[in-house]
Amino acid sequence: MIRISDIIDTMAENNPGADLDIIDRAYIYSARVHDGQVRLSGEPYLSHPLEVAGILADMRLDPVSVAAALLHDVIEDTHAEADEIRAIFGQEVAHIVSGVTKLTALTFDSSRKREAESIRKMFLAMADDIRVILIKLADRLHNMRTLQFHKEGKRHKIAQETLDIYAPIAARLGIYWIKSELENTAFLYLMPEEHQQIQQQVAKGRPEREKTIETVRGIITKKLDEMKIPGEVLGRYKQNYSIYTKMLSQNLAFEDVYDIIAFRIILQTISQCYEVLGHIHTLWKPIDRKFKDYIGRPKPNMYQSLHTTVVGPSGDRIEIQIRSEEMDKVAKSGIAAHWSYKEGKHVDDRVSRTYAWIQDLVENQANIRDPQEFLENVRIDLFPDEVHVFTPNGDVKTLPKGATSVDFAYLIHSEVGNLCTGAKVNGRLVPLHKELKTGDIVEVITAKSGHPSKDWLSFVKTVKARSRIRQWIKIEAKERSISLGREMCEKAFRKEKLNFLAMVKTEEMASAVKHFGFRTIDDLIASVGYGKITPLQIIRRVAAKPEEEEPHFSFLDKLISSVRKKKPKAGVVVKGVDDILIRFGKCCQPVPGDEITGYITRGAGVTVHRSSCVNALQMTPERQIDVEWNQEMSEKYPVKIQVTSYDRVGLLADIVSSISKNNANIFSAKTDTDENKMVASYFTVGVVDTGHLRRIVREIRKIRNVQGVRRIE
């Protein structure tokens, strides 16, 4: 376990003259309130905040950051309160600690909502003070290092969240060493067989690669000496997770991944970087389209370097990165390399502009209440690849890779997006779904009669565009539902010899609005149009005689009566109602263990989707309904999987045998073999739950020549 004296020594070395008393006081306070607590590993709980503080000290952060790291769990896990932290350590430390603290004290309908709100809270605090996320990343890093002490289900959940949220944040902040460690540790727990397979294949060729590293490093070093340019030449291995994602995305066998090893040349000046690049290209032939100048055009997180791929001395492709010492410092530490909170200063304007995406992320998510949609949008916002396009006036706009003219229109202004009817790219009319490329000049065509289309949701990439389109559709749907609901109410009230328009203004109707849980009469009428309640329910409420006891009707009464009641053959219940027709979305094929949601379908019961299903996210929220798996039911559900493998005799038979041995039916099978002898096999299999699916996937991964297995929609 790291000691507080080690942390203070590191801080004194990195921050000469800094007041380190706050770190001492934070340590003493943390030790006192955590006294007696132990981690799952059996170590004293204090070891965790010490390790987190040690990581931040190594990142050369300021004393306030390190003190906050020592205190980051005290509000959540001890009797300490935020006011006490503020009184003892000041507002700055209290704000950071509060931003890192989860929402454990509040009550939520589900763990998913708690998780979403905790992440939302973290982003809000992060937009105000970037140190919140730096502490959170260090916290997650140490938790991942000790993940083996959790149960398997918890390990899987934490690792997936790390891969979805925290590793992309580290990448966006330019802290690549944290990104790499988080990804590789998550990879180890999420796909242990693939991780071991790649590790074994890397180890098998290590002696030969070590020779290549020494040879290439010697040639480059000799060339630098001849040029009288001082520099450092390093050889490194590509991370296991990076190898895996490259194999998967490019459909490659391990032997075809050429950049298992790469080289880095660290020099003193920018001019030396370009000079050395020229000499490298005279030594070895460069590969077309494999040169990237991140010095002339830095990445959004301020990363700078020259990347080139050449045919090396043994005929293999070699990736070489060339950068200055300052660029290398930024590449390793990201925003931490630009830290300037010391002595009361704040992050400079350049850094603030570079990380403006954090503020955009907060603004884009401000009004999204659905936890699944929120988490999905955060993942989209964290997607690192970007394209740079131009307005007709020459202004540069940054969009995510795959963005379209509609995304561009909403980036300019929400109203421009809503009125968009077409677009010109480089002076030519193009379909709105056409993806933009770096360097494109985009002109949006608008019309007063223009309006968003639901179809746009299938191709837009930015959260802003997606949320504005949904907002417009929701308003339009509500207006149509109010019109339909009013018409239905007027007709039903007339049958009862009542004047609906007159009764709308009565106290009885106001009471009915509150009774059904709505804020306004329009909301009540819209719910009739949506099919959630019936006009008869309203009539019985507003026209009930005092002596009559009003029967209770749920908002599902109409839905239940509109379909033939059945015994629940599917293991799903709707808010405790088990005599309603249930269908499963063919688009996402949910199975027990998946997070699910239901949607009312007039005359056809409730359709169940996985919460992350794209089609579900595009549906009208007002038709959404809570559903849950019926734990008493046990049956098999169809699910699609893709198996990527290197072709060989008997491969398909081995896969089919593995599935059958795990007590799963095969409903359909299809295979495609490409010119590189890579096979993509698609199976629809019957499984009991997600645990059953994971066992099948694990067994298939053990089969010789199988490169990867994944669930698909």
Side-chain angles (χ1 to χ4, degrees), residues 109-116 147 150-165 186-195 248 371-373 375-376 379 568-574 582-598 606-617 626-644 655 658-669 681-703 706 708-713:
D109 295 341
S110 67
S111 59
R112 197 68 172 167
K113 288 185 180 179
R114 182 187 301 280
E115 174 193 350
L147 198 57
H150 285 281
K151 293 180 180 178
E152 183 184 357
K154 185 75 169 177
R155 284 202 302 265
H156 193 277
K157 182 177 179 294
I158 293 172
Q160 191 64 59
E161 183 185 62
T162 298
L163 208 56
D164 288 344
I165 303 291
F187 182 41
L188 169 64
Y189 289 104
L190 290 172
M191 289 166 276
E193 287 84 6
E194 283 92 334
H195 183 276
L248 208 61
Q372 189 64 43
E373 183 181 347
L375 292 173
E376 182 66 23
R379 293 186 189 101
K569 292 184 180 179
V572 171
V573 293
V574 182
I582 297 290
R583 298 189 305 159
F584 291 95
K586 293 181 180 179
C587 47
C588 56
Q589 296 183 313
V591 300
D594 288 329
E595 294 277 347
I596 54 173
T597 187
V606 170
T607 303
V608 178
H609 293 267
R610 288 166 67 188
S611 296
S612 58
C613 176
V614 174
N615 291 332
L617 292 173
D626 290 337
V627 294
E628 59 187 17
W629 292 106
N630 185 351
Q631 302 300 326
E632 297 177 2
M633 300 296 293
S634 178
E635 59 179 281
K636 290 188 177 179
Y637 301 81
V639 63
K640 293 178 182 177
I641 59 172
Q642 177 186 348
V643 182
T644 306
I655 296 173
S658 178
I659 295 172
S660 298
K661 283 178 183 176
N662 281 277
N663 195 29
N665 295 334
I666 300 176
F667 299 135
S668 68
S681 304
Y682 302 89
F683 297 92
T684 302
V685 298
V687 300
V688 176
D689 54 25
T690 51
H692 187 195
L693 176 61
R694 281 198 294 271
R695 288 195 299 275
I696 294 169
V697 168
R698 270 200 302 267
E699 290 302 313
I700 295 175
R701 284 171 178 159
K702 294 177 182 177
I703 297 172
V706 168
V709 188
R710 68 185 183 93
R711 181 180 179 180
I712 59 173
E713 294 185 8

Would you say K636 has more than 12 foreign heavy atoms packed within less than 6.0 Å of its NZ? yes
Going by heavy atoms in the side chains, are H156 and L190 under 4.5 Å from each other? yes
Interatomic distance, L147 atom CG to R155 atom CZ [nearest 0.5 angstrom]: 6.5 Å
L693 side chain near R711 side chain, heavy-atom distance below 4.5 Å: yes
Taking the side chain as every heavy atom from C-beta outward, state whether S668 and F683 have any atom pair closer than 4.5 Å. no
Taking only residues two or more places apart in sequence, or in another chain, which ones meet K154 in a side chain to side chain contact (heavy atoms under 4.5 Å, CB included)? H150, I158
Just list the side-chain donor-acceptor pairs under 3.5 Å for residues 685-692, sequence neighbours left out, or say none.
unit_1: D689; atom_1: OD1; unit_2: G691; atom_2: N; d: 3.1
unit_1: D689; atom_1: OD1; unit_2: H692; atom_2: N; d: 2.8
unit_1: H692; atom_1: ND1; unit_2: V688; atom_2: N; d: 3.0
unit_1: H692; atom_1: NE2; unit_2: N662; atom_2: O; d: 2.8

Please name all residues satisfying salt bridge (charged side-chain N to carboxylate O under 4.0 Å, His left out) with R694, sequence neighbours left out, ordered by chain then number. none
Report the distance from atom CD1 of I596 to atom SG of C588, rounding to the nearest 0.5 Å. 10.0 Å
Contact between V643 and Y682 at the side-chain level, heavy atoms closer than 4.5 Å - yes or no? no
In sequence, state the C-alpha distance, the side-chain angles, and the governing distance for H609 and C587, and then conclude on side-chain contact (heavy atoms from CB on, under 4.5 Å). CA-CA 8 Å; H609 293 267; C587 47; 3.4 Å; yes
Would you mind reporting whether V697 and I700 have side-chain heavy atoms less than 4.5 Å apart? no
Kindly write out the residues that satisfy side chain to side chain contact (heavy atoms under 4.5 Å, CB included) with P638, not counting sequence neighbours, or none if the list is empty. Q589, F667, T684
By salt bridge (charged side-chain N to carboxylate O under 4.0 Å, His left out), which residues pair with E193, not counting sequence neighbours? none
Suppose we screen for salt bridge (charged side-chain N to carboxylate O under 4.0 Å, His left out). Which residues come up paired with R701, at least two apart in sequence or across chains? E194
At their closest point, which heavy atom of S658 faces which heavy atom of E699, and how far apart are they? OG-CB, 3.3 Å
Hey, could you give me the CD1/NZ distance between I712 and K640, rounded to the nearest 0.5 Å? 6.5 Å
Does a side-chain heavy-atom distance below 4.5 Å link V608 with I582? yes
Any side-chain heavy atom of P590 sitting closer than 4.5 Å to one from Y637? no
